[in-house]
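All heavy atoms count here, side chains included; hydrogens, waters and symmetry mates do not.
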Amino acid sequence: DSIRKPSSTIAAAVSSQLDSIPKTFIYLIVPLLRGRCYNIGMNSLKKTLKKAIPASLYQSIEPTYHLLTATAAATKAGYPAHNMRVIGVTGTNGKTSTCFMIHKMLTEAGIKTGLMTTVAYGVGNDITPQVAHMTTVSAPLLQKRLAEFKKQNVEWIVLEVTSHALAQHRTFGVPIEIAVMTNVTHEHLDYHRTFERYLAAKTKLFRLASRVGVINADDPSAATFRQAVKQSVSYGLKSGDWRAQDINLSAHGSDYTALIDGDSYHIHVNIPGEFNVYNSLAAAAVGREVGLTKAQIERGIAALAGVEGRMTVVDAEQPFSAIVDFAHTPDSFERLLNDVRNTTKSKLVVLFGSAGRRDEAKRAIQGEIAGKYADEIVLTEEDDRDIDGNTILSQIASGAEKTGKKREKNLFLVPDRTAAINFAVSRVSSSKDTVIFLGKGHEKTIERADGAHLWNEIETVRQAILNIKAK
């Protein structure tokens with residue numbers, strides 16, 4: 001029984017996860033973690049250390065703190081993931097949609113499957129929205145949910161895994177069987193500091209995978225991921241074992257033929273965008289590795305109607321198109337806005353912001369990308385936290401202005417997000433127009449200087465449309 005593992009076994013496992021921790025320290029601390037010392041208030045300890053010691057020293061010992069927390073959580077819960085099979089999905093963009101596709105495919109095939117993502121968690125079709133602004137939840141909550149899955153006799157788990165979670169060892173004690181990589185681009189450098197460290201965190205999932213890695217062959221980092229795993233299968237539009245051809249993109253989804261080893265699959269995706277062709281290819285590759293039939297893979301991907309806040313169309317019987325999406329990175333902006341521009345016959349209005357206390361370098365970049373594709377841009381808050389919102393908006397605007405956008409002409413700064421949404425909706429009217437709202441997606445709170453406030457982007461957009469129609 002995994003809960004009865006001797007301290008020496010747990011210590012060896014921990015030490016293998018973090019070579020910088022002395023083995024003697026681990027052998028001393030693990031017995032304590034198995035006892036009442038688990039409840040000493042680790043978060044308080046973390047906050048105290050962060051304030052008391054230099055930032056460089058804190059950064060060097062932070063992984064140790066997180067590993068000990070994760071070890072304690074897994075030990076206390078009795079290693080619930082033991083004997084469950086886990087598919088871990090990582091990448092900068094597309095993780096959530098790919099997870100939902102895989103989960104739906106396995107569920108439709110009659111396999112009891114658990115899901116944990118940015119958007120939601122649950123088993124089968126019993127899915128609960130995720131409220132916290134965290135993709136991979138804290139180690140104690142992760143282990144708690146895994147224990148709940150175990151009680152429901154879950155066979156497979158589809159787990160969205162971030163670079164933060166991997167760097168902080170939150171998934172310690174979770175046996176990854178299949179690792180999936182969607183893509184790796186500029187993101188989270190406020191935490192990892194360099195792209196190389198960010199990439200190293202992502203590839204850790206593949207080093208942990210016991211069976212196979214599923215890799216985006218068109219991504220520049222593909223070779224790095226291939227070297228990190230024992231066995232791999234790749235996918236892509238330009239190269240890869242799995243290839244998509246005869247792609248038909250529309251505002252409502254896509255259809256294409258997927259080819260692998262002489263076999264062909266007809267794939268229908270209900271979520272629009274070329275990037276979702278990539279995501280569905282990854283899902284199909286996982287399905288084949290799991291042992292699903294061609295019909296199960298095709299039906300399963302087609303069965304997913306959509307993912308909240310991922311290219312979600314808001315329909316209040318208005319003439320124009322209104323879309324909500326979680327895109328908040330330069331790469332996701334480039335991919336998404338290129339697709340939306342190509343399907344918008346007239347005016348394209350884009351609304352977004354940038355989170356406070358997060359990567360500042362991307363703000364002007366995203367402003368410039370939006371300026372390239374949008375006819376009009378509305379800049380607003382997006383979890384400003386305790387950072388001055390006007391400063392953030394000016395940083396984004398500087399990028400948009402490089403493309404020729406002019407303030408109060410086709411570039412508007414509206415600090416309050418509700419007011420900004422109402423304004424953006426007022427800028428479109430034709431059936432050929434599109435307004436898209438980026439950055440918040442599914443999230444149920446918006447973070448301001450005085451704390452978190454309840455938020456629902458989709459309903460706020462819907463209400464703004466109704467307000468316009470009522471005038």
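Looking only at distances, a side-chain donor or acceptor of Thr113 sits under 3.5 Å from a matching main-chain atom of Ile111. When atom types are taken as modelled, the side chain of Asp255 and the backbone of Val269 share no donor-acceptor pair closer than 3.5 angstrom. In terms of modelled atom types and a separation under 3.5 Å, the side chain of Gln152 and the main chain of Phe149 share no donor-acceptor contact.
Salt bridge Glu308/Lys444: present, at least one basic N to carboxylate O contact under 4.0 Å. Under 4.0 Å is where a charged nitrogen must lie from a carboxylate oxygen, and between Lys151 and Glu148 no such pair does. We find that Arg288 and Asp261 are joined by a salt bridge, their nearest charged nitrogen and carboxylate oxygen being less than 4.0 Å apart. A salt bridge between Arg357 and Asp384 is absent, with no side-chain N of the basic residue lying under 4.0 Å from a carboxylate O of the acidic one. Ionic pairing of Glu368 and Lys372 is not present here: no N-O contact between side-chain nitrogen and carboxylate oxygen is shorter than 4.0 angstrom. Electrostatic pairing of Arg335 and Asp331 counts as a salt bridge here, judged by a charged N lying under 4.0 Å from a carboxylate O. Checked for salt-bridge contact, Glu447 and Arg385 meet the test: a charged N lies under 4.0 Å from a carboxylate O.
No side-chain donor from either of Ser254 and Asn248 sits under 3.5 Å from a side-chain acceptor of the other. Checked by atom type, the side-chain pair Ser221/Thr224 shows no donor-acceptor distance below 3.5 Å. Looking only at atom types and distance, the side chain of Ser138 has no donor-acceptor partner in the side chain of Arg170 under 3.5 Å away. No side-chain N or O of Tyr79 forms a donor-acceptor pair with one of Gln143 less than 3.5 Å apart. Side-chain contact of His169 with Lys204: a donor-acceptor pair under 3.5 Å is present, judged by distance alone. In this model, a donor atom of one side chain and an acceptor atom of the other lie less than 3.5 Å apart for Thr96 and Glu160. Between the side chains of Arg358 and Ser354, no donor-acceptor pair is found at a separation under 3.5 Å.
Side-chain contact check for Cys99 versus Ile102: every heavy-atom pair is 4.5 Å or farther apart. Residues Arg417 and Lys440 form a side-chain contact, since some pair of their non-hydrogen atoms from C-beta on lies under 4.5 Å apart. Between Leu281 and Leu237 the shortest side-chain heavy-atom distance falls below 4.5 Å. At a threshold of 4.5 Å between non-hydrogen side-chain atoms, the residues Leu249 and Tyr256 do not count as touching. Looking at heavy atoms from C-beta onward, Val158 lies out of side-chain contact with Met116 at the 4.5 angstrom threshold. Side-chain contact between Ile247 and Glu274 is absent, with no heavy atoms from C-beta onward closer than 4.5 Å. With a 4.5 Å cut-off on side-chain heavy atoms, Ile396 and Ile377 do not count as touching. You'll find the side chain of Asp383 stays beyond 4.5 Å of the side chain of Thr445, heavy atoms only.
Atoms CZ and CZ, on Phe275 and Arg310 in that order, are 10.5 Å from each other to the nearest 0.5 Å. The structure places CG of Leu336 at 12.5 Å from CZ of Arg341, a figure rounded to the nearest 0.5 Å. Note that the NZ atom of Lys402 and the CD1 atom of Ile369 stand 11.5 Å from one another [nearest 0.5 Å]. If you take CG on Leu115 and NZ on Lys104, they are separated by 11.0 Å, rounding to the nearest 0.5 Å. Once rounded to the nearest 0.5 Å, the distance linking NE2 of His442 with CZ of Phe326 reads 5.0 Å. Note that CG of Leu159 is 9.5 Å distant from OG1 of Thr117, once rounded to the nearest 0.5 Å.
Counting non-hydrogen atoms of other residues, nucleotides and ligands closer than 6.0 Å to NE2 of His266 gives a total above 12.
For the residue pair Leu146 and Ala81, the shortest heavy atom distance occurs at CD1-CB, 4.1 Å. Of all the heavy atoms in Ala282 and Val180, the pair that sits closest is CB-CG1, 4.1 Å. Contact record, Gly240 with Ala217: CA-CB, 3.7 Å, taken as the closest heavy-atom pair. Nearest heavy atom pair, residue Arg211 against residue Glu177, reads NH1-OE2, 2.9 Å. Nearest heavy atom pair, residue Tyr121 against residue Pro129, reads CE2-O, 4.1 Å.
Partner of Tyr265 under the side-chain contact (heavy atoms from CB on, under 4.5 Å) criterion, out of Ile301, Ile260, Thr257: Ile260 alone. The side-chain contact (heavy atoms from CB on, under 4.5 Å) with Thr329 is formed by just one residue from the set Asn183, Asn93, Asp359, Ile365; it is Asn93. Checking Ile215, Val214, Ile178, Val286 one by one against Val233, the side-chain contact (heavy atoms from CB on, under 4.5 Å) holds for a single residue, Val214.
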Intermediate values then yes/no, side-chain contact (heavy atoms from CB on, under 4.5 Å), Tyr278 and Asn216:
CA-CA 8 Å; Tyr278 277 98; Asn216 181 349; 3.6 Å; yes
Given the rule in the side-chain contact (heavy atoms from CB on, under 4.5 Å) test, do Thr434 and Ile323 qualify, once you have shown the distances and angles that lead to the verdict?
CA-CA 8 Å; Thr434 299; Ile323 301 170; 4.2 Å; yes
From CA spacing to verdict: side-chain contact (heavy atoms from CB on, under 4.5 Å), Asn270, His252
CA-CA 6 Å; Asn270 290 307; His252 305 289; over 6 Å; no
Under the criterion side-chain hydrogen bond (donor to acceptor under 3.5 Å, both in side chains), I'd like the reasoning laid out for Lys202 against Thr90: C-alpha separation, chi angles, the key distance, then a yes or no.
CA-CA 7 Å; Lys202 291 288 189 187; Thr90 196; 3.1 Å; yes
Take Asn279 and Asn276 through the side-chain hydrogen bond (donor to acceptor under 3.5 Å, both in side chains) test and state the conclusion after the steps.
CA-CA 5 Å; Asn279 296 339; Asn276 280 309; 2.9 Å; yes
side-chain contact (heavy atoms from CB on, under 4.5 Å) for Met84 and Glu155? Distances and angles first, verdict last.
CA-CA 5 Å; Met84 287 193 283; Glu155 182 180 352; over 6 Å; no
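By the 6.0 Å and 45° rule, Arg243 does not stack over the aromatic ring of Tyr235.
Note: Phe333 and Tyr373 fail the aromatic proximity criterion, with ring centroids not under 6.0 Å apart.
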